[in-house]
Structures are given as structure tokens and as C-alpha cells.
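Below is one structure, written out as C-alpha cells; comments come after it.
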Amino acid sequence: MPDHAVLAAVNSKNPPIADDISWRNRGACSFYGPALFFGRDGESTGDRTRRERRAKIICGTCPALAPCRAFALGAGERFGIWGGTTERERRTTRNAETSALASLLHHALAP
């Protein structure tokens with residue numbers, strides 16, 4: 001049977017998505033519209049890089065940065081800039097967390 005520390009680690013990596021999304025009302029992004037935070041079909045690599053850089057600068061000033069990022073990671077948000085992270089950055093974070101958690105569980109459950 002896994003110990004409480006392992007269960008706490010599992011729960012902290014996969015928190016339930018809060019129903020309270022009031023942080024969205026404080027988001028700096030709300031003044032700019034979705035085009036800056038979500039790419040369009042056929043967007044060139046250079047245009048995407050510049051758009052993401054501008055969006056991240058805005059995110060860096062946002063009072064809702066942390067809950068936005070937590071929401072995107074917890075919800076598995078696959079598109080757009082959320083909490084100052086790109087799709088690729090969130091995927092990398094989730095993969096690293098999953099690997100670390102699997103290692104922790106493996107060691108905790110090993111005889």
C-alpha cells in the first residue's frame with residue numbers, strides 16, 4: 001500500500017480543476033483579444049515566434065499568471081499561450097512531471 005507522501009505527491013501533480021475561474025477577469029490578456037494568444041492556421045514560424053514573444057511579455061505583467069498557468073497545466077490546454085507558456089512548454093512540463101511521478105511511485109512501491 002503506498003504511503004501518504006506518495007499519495008500527496010500524486011494529488012499535488014494532478015489537482016482538480018477549480019470551478020473558480022474568476023482569475024480570468026484579472027487577466028492582462030483580456031485587453032488584447034485572442035489573436036495574440038492563439039495562432040492562426042498557416043502562421044509562419046517567424047510570425048508565431050514574434051506573436052508568442054509579445055504574448056509572453058504581456059503574461060509577465062499579469063496578476064493572474066500563476067492561476068492561469070495552473071489551469072492550463074491541469075486542464076491539459078493544448079492550444080495558445082496560457083500563463084506565459086506555449087503549447088510545447090506545457091507539454092514538456094507535463095511530461096517531466098509524469099516522469100518524475102512515475103519514478104517516485106516506482107521507488108515507493110518497490111519491495
Side-chain angles (χ1 to χ4, degrees):
M1 178 174 201
D3 67 27
H4 295 291
V6 173
L7 291 176
V10 170
N11 290 334
S12 72
K13 295 298 181 194
N14 299 301
I17 298 170
D19 290 335
D20 177 19
I21 57 170
S22 63
W23 55 265
R24 288 186 179 195
N25 297 328
R26 297 187 319 270
C29 59
S30 64
F31 298 104
Y32 296 91
L36 182 59
F37 297 88
F38 295 90
R40 66 185 192 292
D41 290 339
E43 183 177 41
S44 73
T45 302
D47 287 345
R48 179 184 186 103
T49 300
R50 285 185 289 278
R51 178 185 54 76
E52 289 177 345
R53 189 177 308 127
R54 287 192 309 271
K56 286 178 157 195
I57 288 169
I58 293 163
C59 289
T61 68
C62 184
L65 177 73
C68 180
R69 181 177 295 168
F71 172 82
L73 287 167
E77 194 60 59
R78 293 182 16 190
F79 302 102
I81 302 292
W82 288 80
T85 61
T86 65
E87 299 98 330
R88 178 175 286 138
E89 291 165 339
R90 289 190 303 277
R91 189 172 45 251
T92 299
T93 298
R94 282 191 302 272
N95 291 343
E97 288 177 350
T98 300
S99 294
L101 184 57
S103 177
L104 175 67
L105 287 173
H106 174 74
H107 293 295
L109 299 175

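Remember, predicted model here, so these are calculated numbers, not experimental data.
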Inset, instruction - Could you go through the salt bridge (charged side-chain N to carboxylate O under 4.0 Å, His left out) check for R48 and E52 one step at a time? - result: CA-CA 6 Å; R48 179 184 186 103; E52 289 177 345; 3.0 Å; yes
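- No chain of hydrophobic side-chain contacts below 4.5 Å, direct or via other Ile, Leu, Val, Met, Phe, Trp or Tyr residues, connects I57 to F31.
- For the pair E77 and R69, the salt-bridge criterion is not met [side-chain N within less than 4.0 Å of a carboxylate O].
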Legend entry - Test side-chain contact (heavy atoms from CB on, under 4.5 Å) applied to T85 and T93, step by step: CA-CA 10 Å; T85 61; T93 298; 6.0 Å; no
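- Nearest heavy-atom pair, R26 versus C62, reported as atom, atom and distance to 0.1 Å: O-SG, 4.2 Å.
- Nearest heavy atoms, A28 versus I58: CB-CG2, 3.7 Å.
- At least one side-chain heavy atom of R50 sits under 4.5 Å from a side-chain heavy atom of D47.
- Geometrically, R51 does not engage F38 in a cation-pi contact defined by less than 6.0 Å to the ring centre and at most 45° from the axis.
- In this structure, C29 and L36 have side chains that are not in contact, with every pair of non-hydrogen atoms separated by 4.5 Å or more.
- For the pair E89 (side chain) and T86 (backbone), a donor-acceptor distance under 3.5 Å is present.
- Ring centers of F37 and W82: at least 6.0 Å apart, outside the cut-off.
- Between I81 and A55, the shortest heavy-atom distance links the atoms CG1-CB, 3.9 Å.
- For P67 against A64, the heavy-atom pair with the smallest separation is CD-O, 3.2 Å.
- Salt bridge R91/E87: absent, no basic N to carboxylate O contact under 4.0 Å.
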